[in-house]
Amino acid sequence: MRGRRIELRGTVQGVGFRPWVYRLAREQGVTGRIHNDAAGVTIEAFGTAPILDRFVDGLHSSRPPAARIDALTWKPIEPEPVTSFRIVRSASAAERRVSIPADLATCAECASEIFDPTNRRYQYPFTNCTNCGPRFTIAKDIPYDRAATTMAGFPMCRECQDEYDSPLDRRFHAQPNACPACGPRLRALSGLGVEQVGADPLTLATRVFLRAGTVAVKGIGGFHLACDATSALAVTSLRERKQRDGKPFAVMVRDLAVAESLAMLTDQERELLMSMERPIVLVPRRGDSCLAGEVSPANPMVGILLPYSPLHHLLLARVGRPLVMTSGNLCEEPIAYRNDEAVDRLRGIADLFLVHDRDIVTRCDDSVVRVIAGAPVALRRARGYVPRAVPTRRPFERPVLACGAQLKNTFCIGLDDTAFFGPHIGDLENLETFRSFTESIACMEKFLRATPQIVAHDMHPDYLSTIYAETRSEAQRVAVQHHHAHVASAMAEHGLEGPVIGVVYDGTGHGTDGTVWGGEVLLVDYEHFERLATFRPIPLAGGDTAIRQVWRVALALLDDAFGGDSPLEALRLFSTIPTRHITTVRRMIERRVNTPLARGIGRYFDGLGAMMLGHAEARYEGHVAMQWNFAADANEPGCYSYALAEDDVPCTVDLRPLVREAVRDLLAGTVVSHISGKFHNTLVNVTELLVERATRQVGRLPVVLTGGCFQNALLAERVVQRLANRDVYLHGTVPPGDGGIALGQALIADAMTRRSSPCA
Ligand code: ZN
Ligand code: ZN
Ligand code: FE
């Protein structure tokens, strides 16, 4: 007899891993036990050497569909005379914390059951097993057990109970296990909320889709608004009703083959589409796709996702064409997730509601991912990823709550050696969203049994997240500079202790000198930052108004570059702007009335995009900047000039030469794709120079690229290429934009309030 302690790291919790190992051990005659620990699972296995070898081989060679093994290590231990193999519920605090898994996409076996007429779950929209199904969104409390989920009100029938109790069944301890006899039921409500009795809900929904109507579909983390993605009429009317002007819609397709017909996919993108998290994957759209142009107007990319609940599978199979699947909300409100609330808020948008009686406890939007420089980068971290822990190499001394930023808010709780992001909350700009923010925080604190002693927030005094932090008077509050937090988030994700050189190209963030920052090179460790370089500021007449009315930024850039002698009459943009508006804005800038100075690279994208493409206004956040990105010819070799004010502290990049040359190009008839290409190339040159300069000052440190502008794949990839001889880090599962900032806030607040030295 021999004994081995086997440790597995990776995605091995809440994905049916322990029952799977249990079955493997039983099959092979191995005795011992398995339990979850803070970082994965630990197995203590006993048997003869050949049996244990075969067991370890089995662990290596196959696994449950949703699991991912990053590392398997083992060492010999004393054999114990045990006669069976057991799943042990560990009592450690660490395990309880991770005991609520993220929601999992329907597995292949469950998907085939619902299409099998001989199966008792044929056409059943709430089919799931230990490898798949809702988790986080139906959990009311820990531990994650049926009694503490919204499945508590559905006593299992005899057959389901047998599956649940049988260790050899795929549904052994599948908490949301259900079937048509005992589980939740699908219902259809009319657009006014009246129950449609007697008719099959899926048939009714299909009819609405084929008539170019909109169906509100209750999914895993909330309601979607869905319509036929191939019908311009359907998509346009959904846009109008939802008051969503131009912002791209995500599209759900039946399977990978349909996805291939809509977009050009790499292996990595295929893998992401099929992953158990089932995020929306941003991919280049095919010119000949059957999608209506209105799905993502003037946009070469399209967000695609595959079905992740049985209801989606059934709907897509019935309709037989791609469906727009956009969050069920009006404009900037949070996604609707309760039946009555959905009918209330989405009345007038949806022609039909597909609802059910499995309640959602925590709303959770779809996640969004894009492959940049050969690796996935999360643009929105939500369903499928939340509440999975992000390991931090530095343990938190005391529990920390980090409140995040204002836009694309997510919060984060730091405990011991892990950080937990809450779901994507959205822009904290209305009461509804603010309520969702405070409710989600309360929920996560309960799940984690955490009482934060430190509350971190942005330095901006007017962010609702800052105002919320001030209400947490029981805790010590720490204000964190926005871009310091961006860099620290990326550091944490890659386990960097610092110091690092952080290149932050961002929209806006409150600076410490009264200007708005966002084009910064910083020397960063968790406790401190020092500003090494920045960009010449742009006056934003009207503050946030200029971020929407981007022509104001264009005007400011031109007047600065041409010393007041700007060739406005030659630019198409200004032919649409009344002269008195131009005069007013100039006066505001001159007298500095409600005109903050902003250094965000995002503003340069806005301003150049406005003047070159003729967009006076952004239709949604980042719209014009994104158009300017898409306009770029990736094969353009040229670039523009810039100046560096070396004596300024910090040294300041002056892009006035770029503006002058770009305008000259435009007036000479150069195609805008070349101008945008040269603009991007210039930023890459500037970045290289700033990093070289920083290296001379502070040494050859790792370089971290962060901030919202690094969602721009062209910019990110070019900078990474250019700095190929350096240690360069982009983001991964933590977003580069403001949705990722909370992690950095948490680590910085911990470092700044430490009473003891950190031990890694
Ligand atoms: Zn399943
Ligand atoms: Zn049942
Ligand atoms: Fe930011």
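In each ligand, atom 1 is the first atom listed, and ligand 1 is the first ligand listed.
Around the Zn ion (ligand 2), the protein contributes the following N, O or S atoms at distances under 2.8 Å: C157 SG, C160 SG, C179 SG, C182 SG. Protein contacts to the Zn ion (ligand 1) involving N, O or S atoms at a distance below 2.8 Å are C107 SG, C110 SG, C129 SG, C132 SG.
Relative to the ring axis of W20, R170 does not place its NZ or CZ within 45° and under 6.0 Å from the centre. The side-chain tip of R383 points at the ring of Y308 from less than 6.0 angstrom away and within 45° of straight on.
Taking backbone and side-chain atoms together, H486 has an N/O/S atom less than 2.8 Å away from the Fe ion (ligand 3).
The salt bridge (Lys or Arg N to Asp or Glu O under 4.0 Å) check on E277 picks up R388, with sequence neighbours excluded. By the side chain to side chain donor-acceptor pair (under 3.5 Å) test, D169 pairs with no residue at all, sequence neighbours left out.
Nearest to the Fe ion (ligand 3), among the N, O or S atoms that D738 has, is OD1. Shortest distance from the Fe ion (ligand 3) to D506 is reached at OD2 (N/O/S atoms only).
For R531 and E520, the salt-bridge test passes: some basic side-chain N is under 4.0 Å from an acidic carboxylate O. Looking at E159 and R120, a side-chain N of the basic residue comes within less than 4.0 Å of a carboxylate O on the acidic one, giving a salt bridge.
Note: F115 and H313 have perpendicular aromatic rings, judged against thresholds of 30 and 60 degrees for the angle between ring planes. By the 30° and 60° cut-offs, the orientation of the rings of Y124 relative to F126 is perpendicular.
The six-membered or imidazole ring of Y468 lies near that of F437, with a centre-to-centre distance under 6.0 Å.
With hydrogens and angles left out, the side-chain atoms of N712 and Y505 include no donor and acceptor closer than 3.5 Å. In this model, no donor atom of one side chain and acceptor atom of the other lie less than 3.5 Å apart for Y22 and R18.
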